[in-house]
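Below is one structure, written out as structure tokens; the observations come after it.
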Amino acid sequence: MSFQEKRNVVSLISTLLIFSIYSMYVFQKYQEGSFHTSNAFSFWGAFILILIPVSILAKIIIHIVFSIVNTIATNEKEPRITDELDQLIELKSTRNSHYVFIIGFLLAMIPLVMDQPPYVMFIILISSGLLSEVIGVITQLYLYRRGV
């Protein structure tokens, strides 16, 4: 398995793990009544605004630990040069990721039109963000295995 494939597997696992742990923590606190907000928009806004930096920080730490462990285990360093193949794979995965998010965003607008509660829109929006990231990583894994 190449370094890029290992990095993508670690990224996929960490994305799912971070999102799961954070979601369970927030919803457990919500059930306990720690969030005294009568406004659903305030709760969901805080959920998203806190998730973004938590996710970024956790991924940076996980990537650093992965690079250290991989270097110790395999005696190979992270490649510093990205060639045209790496750039093409990244572009295709970004395209697929954006398509999934845009479709999810459009689907998230449907509950608003149908007079559903706001939390339905936010759940669809957050799920499409997670799904778009997962699709991006899976696309990269697939293209590194198959080739472009």
Side-chain angles (χ1 to χ4, degrees), residues 1-37 40-111 118-148:
M1 191 179 276
S2 70
F3 180 82
Q4 289 88 355
E5 290 172 318
K6 291 180 209 173
R7 184 183 63 212
N8 285 326
V9 168
V10 169
S11 177
L12 180 63
I13 292 169
S14 67
T15 297
L16 294 173
L17 193 63
I18 291 166
F19 184 80
S20 300
I21 291 171
Y22 178 75
S23 295
M24 287 188 314
Y25 172 76
V26 168
F27 290 121
Q28 180 183 13
K29 292 291 184 184
Y30 181 77
Q31 293 293 337
E32 293 173 357
S34 297
F35 296 107
H36 297 292
T37 177
F41 292 109
S42 175
F43 169 74
W44 287 104
F47 179 89
I48 293 171
L49 288 177
I50 295 171
L51 175 63
I52 292 170
V54 165
S55 179
I56 290 171
L57 286 174
K59 285 184 182 191
I60 289 171
I61 293 168
I62 290 170
H63 182 69
I64 291 170
V65 169
F66 165 71
S67 293
I68 292 169
V69 169
N70 187 56
T71 302
I72 291 171
T74 63
N75 288 330
E76 68 181 48
K77 293 185 178 180
E78 179 177 352
R80 299 274 181 212
I81 300 172
T82 58
D83 58 3
E84 290 84 13
L85 177 65
D86 292 334
Q87 292 173 352
L88 186 60
I89 288 173
E90 186 175 341
L91 283 172
K92 287 185 178 194
S93 69
T94 301
R95 177 199 62 196
N96 292 348
S97 177
H98 285 134
Y99 284 160
V100 170
F101 183 75
I102 291 300
I103 291 169
F105 179 82
L106 293 174
L107 289 175
M109 295 302 115
I110 293 172
Y119 70 85
V120 176
M121 179 210 50
F122 282 108
I123 290 173
I124 293 172
L125 194 60
I126 292 168
S127 299
S128 71
L130 175 67
L131 185 62
S132 72
E133 190 167 350
V134 168
I135 292 295
V137 172
I138 289 174
T139 300
Q140 283 187 6
L141 279 171
Y142 175 74
L143 292 175
Y144 274 117
R145 277 287 175 184
R146 183 186 66 96
V148 178

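No experiment lies behind these values; they were computed from the predicted model shown.
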- Note on the structure: Heavy-atom closest pair (Ser55 atom, Ile18 atom, distance to 0.1 Å) is CA-CG2, 4.1 Å

- Minimum heavy-atom separation for Ile50 to Pro53, with atom names? O-CD, 3.3 Å

- Task: Please round to the nearest 0.5 Å and tell me the distance separating atom CD1 of Ile103 and atom NE2 of His98.
- Result: 13.0 Å

- Task: Name the orientation class of the two ring planes belonging to Phe47 and Tyr22 (parallel below 30°, tilted from 30 to 60°, perpendicular beyond 60°).
- Result: tilted

- Answer whether the closest heavy-atom distance between the side chains of Phe66 and Lys6 falls below 4.5 Å. yes

- Task: Can you establish whether the number of heavy atoms outside Phe3 located under 6.0 Å from its atom CZ is more than 12?
- Result: yes

- Message: A side-chain contact here means heavy atoms from C-beta on lying under 4.5 Å apart; do Gln4 and Gln140 qualify?
- Response: no

- Within-4.5 Å side-chain heavy-atom neighbours: Ile124 and Pro111: yes

- Query: Ile123 versus Trp44: any side-chain heavy-atom pair under 4.5 Å?
  - Reply: yes

- Task: Output, in order, the C-alpha distance, side-chain angles, deciding distance and verdict of side chain to side chain contact (heavy atoms under 4.5 Å, CB included) for Leu17 and Ile21.
- Result: CA-CA 6 Å; Leu17 193 63; Ile21 291 171; 3.8 Å; yes

- Any side-chain heavy atom of Ile64 within less than 4.5 Å of one from Ile60? yes

- Item | Close side-chain approach of Leu107 and Leu125, heavy atoms under 4.5 Å | no

- Item | Intermediate values then yes/no, side chain to side chain contact (heavy atoms under 4.5 Å, CB included), Phe19 and Leu51 | CA-CA 8 Å; Phe19 184 80; Leu51 175 63; 3.9 Å; yes

- Would you find more than 12 non-hydrogen atoms of other residues, nucleotides or ligands less than 6.0 Å from Phe105 atom CZ? no

- Item | Test item: Phe122 and Ile48 side chains (from C-beta on) under 4.5 Å apart, heavy atoms | yes

- Task: Output yes when a side-chain donor or acceptor of Glu5 lies under 3.5 Å from a complementary backbone atom of Ser2, and no otherwise.
- Result: yes

- Side chain to side chain, Ser14 and Ile62, heavy atoms closer than 4.5 Å: yes

- CG of Asp86 to CG of Leu91, rounded to nearest 0.5 Å, is 11.0 Å

- Locate the shortest heavy-atom distance separating Glu76 from Asn70; write the atom from each residue and the value. O-ND2, 4.1 Å

- Would you confirm whether Ser93, through its side chain, and Glu90, through its main-chain N or O, come within 3.5 Å as a donor-acceptor pair? yes

- Message: Around atom CD of Glu84, are there more than 12 heavy atoms from other residues, nucleotides or ligands closer than 6.0 Å?
- Response: no

- Audit row: Ile135, Thr139, side chain to side chain contact (heavy atoms under 4.5 Å, CB included) steps and yes/no: CA-CA 6 Å; Ile135 292 295; Thr139 300; 4.0 Å; yes

- Message: Would the distance check show the side chain of Ser97 and the main-chain N or O of Ser132 forming a donor-acceptor pair, the cut-off being under 3.5 Å?
- Response: yes

- So CG of Leu88 and OG1 of Thr82: to nearest 0.5 Å the spacing works out to 12.0 Å

- State the CG-CD1 distance between Leu131 and Ile138, to the nearest 0.5 angstrom. 8.5 Å

- Message: Rounded at 0.5 Å granularity, tell me how far CD1 in Ile89 sits from OH in Tyr144.
- Response: 4.5 Å

- For Tyr119 and Phe43, what are the C-alpha separation, side-chain angles and deciding distance, and is it a side chain to side chain contact (heavy atoms under 4.5 Å, CB included)? CA-CA 9 Å; Tyr119 70 85; Phe43 169 74; over 6 Å; no

- Message: Nearest 0.5 angstrom please: Arg7 CZ to Leu12 CG, how far?
- Response: 13.5 Å

